Protein chains: 2
Amino acid sequence: MKPAFRLEDHLCFSIYSCSRAILRMYQPVLKKLEITYPQYLVLLALWENRECSVKQIGVLLDLDSGTLTPLLKRMESKALLQRKRSLDDERIVTVRLTEKGAALKEKAVCIPETLIRSSQMTEAEIQNLNRTIKLLTQQVTQGQMK
Amino acid sequence: MKPAFRLEDHLCFSIYSCSRAILRMYQPVLKKLEITYPQYLVLLALWENRECSVKQIGVLLDLDSGTLTPLLKRMESKALLQRKRSLDDERIVTVRLTEKGAALKEKAVCIPETLIRSSQMTEAEIQNLNRTIKLLTQQVTQGQMK
DNA sequence: CTCCTTTATATTTTGCACAATTTAAACGTA
DNA sequence: TACGTTTAAATTGTGCAAAATATAAAGGAG
C-alpha cells in the first residue's frame with residue numbers, strides 16, 4: 001500500500017502551522033506590552049523564579065545561549081530584567097526581573113486566556129491536548145537521542 | 001478561583017516547543033537532502049502541483065511573499081526549481097520543479113515516516129491529533145479575523 | 001482613454017532559532 | 001600543582017517569519 005504523501009497529512013506541518021497561527025493571534029496583545037513571544041516565555045519562566053541562570057532558562061524553554069544571549073540583552077535594554085555574572089561561579093550569568101518586568105505579569109494574564117477562549121474547547125479538552133503534545137515532544141526528543 | 005499561570009500549562013508553549021523538537025529530529029535527513037524544513041514544505045506543495053504561483057504556495061503554506069521570495073530564490077540557485085514571470089499576467093511569478101527537484105521526492109518519503117515511527121502512536125491516533133490541531137488552528141485564525 | 005483601486009511580488013528591517021566555534025572559568029586527578 | 005576535561009556563555013553565520021512599505025501590472029468605473 002502506498003502511503004499518502006500529502007501536505008495536509010503531515011502532522012509536522014499542522015503543528016508548525018498552528019504554532020504560527022497562535023503567535024499571530026497573540027501579536028496585538030504582545031505589541032501592547034512591547035514584547036515578543038519568546039520574550040513572553042522568558043517572563044513566564046522568571047515570574048515563577050524571580051532569579052534564574054541563563055542555563056536554567058535554556059532548559060525550561062529548550063533554547064540555547066545563541067538564542068538567549070541576544071534576546072536577554074534586548075530585554076535588559078528595555079529594563080525588564082538585569083543580567084549579572086555570578087560571584088560564586090563566574091561562568092554563570094544570573095538573570096533577575098526588575099520591578100517593571102514583574103509588573104507586566106498583571107497585563108499578561110489575558111494572553112493564555114485569549115487562546116483558551118478562541119479555541120472553543122473545554123478546559124479538559126485543552127489539558128488533554130496539552131498532555132498529548134507533550135508526550136509527542138518527549139517521544140520525538142528521545143528518538144533523537146539514540 | 002485563581003488561574004494557574006504556569007509555563008507548563010501553556011498550550012501555546014507545548015505546541016511551539018513540539019514543532020521545534022520535530023524540526024530538530026528532521027535535521028539529519030534534511031541535511032542529507034541539502035534543504036531546510038520550509039524548503040521541504042515548498043517541495044511538498046510542488047510535488048502535488050508541478051507548477052504553482054508564488055501566491056498559491058503562500059496560501060498552501062500560509063507564508064507571505066516576504067518569506068517566500070528569498071526562500072524560492074535560494075531554491076532556484078540550488079536548481080530545485082525555476083521561477084518565471086507569467087506572460088499572461090506579469091504580476092504573477094510561476095514556480096515549477098526541475099528534474100532535480102522532482103527527483104528529491106524519492107528520498108524524502110522517509111521524513112514523515114520518521115515522525116510516525118518515533119511518535120509511538122497508532123495511525124489513528126496521529127490522524128486524530130492532526131484533525132484536532134487543524135481545528136484549533138482554524139478557530140484561532142477565525143477568532144483573529146473579527 | 002484616464003484615474004482609482006486591487007492584486008502579486010519584492011524589499012527592508014527586526015528578531016528569533018540553531019549549528020558551530022570560541023573563551024574562560026571550574027573541576028578532577030595524577 | 002599542572003593538565004586535560006567539562007561547563008556556561010558568548011559569538012558568528014545562515015535562514016526563516018512577519019510587519020511595513022514599495023513597485024508595477026491588471027481591472028474597473030465614469
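All values derive from a computational prediction rather than experimental measurement.
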Worksheet item: Which whole-number value in Å describes the distance from A:Glu90 CD to C:dA26 C1'?
Response: 11 Å
Worksheet entry | Contact pattern, 5' to 3', of nucleotides 4-17 of chain C - B, S or - by protein heavy atom under 4.0 Å | ---BSBBB---SSB
Side-chain heavy-atom pair [X], [Y] within 4.5 angstrom cut-off:
{"X": "B:Thr69", "Y": "B:Val93", "answer": "no"}
{"X": "A:Thr114", "Y": "A:Met25", "answer": "yes"}
{"X": "B:Gln56", "Y": "B:Val95", "answer": "no"}
{"X": "B:Leu71", "Y": "B:Met75", "answer": "yes"}

Fill in: Start and end of the DNA chain D segment that chain A contacts, any atom under 4.0 Å from a heavy atom
D:dT7 to D:dA20
Worksheet item: Looking at B:Tyr16, does the NZ or CZ of B:Arg20 lie under 6.0 angstrom from its six-membered ring centre and within 45 degrees of the ring axis?
Response: yes
Discussion item. For B:Lys55, is the NZ atom crowded, meaning more than 12 foreign heavy atoms sit under 6.0 Å from it?
Written reply: no
Practice prompt. Spell out, yes or no, whether B:Ile116 and A:Leu136 are grouped together once hydrophobic residues are joined by side-chain heavy atoms under 4.5 Å, including indirect joins.
Written response: yes
Worksheet item: Do you know which two heavy atoms are closest between B:Arg85 and B:Glu90, and how far apart they sit?
Response: NH1-O, 2.9 Å
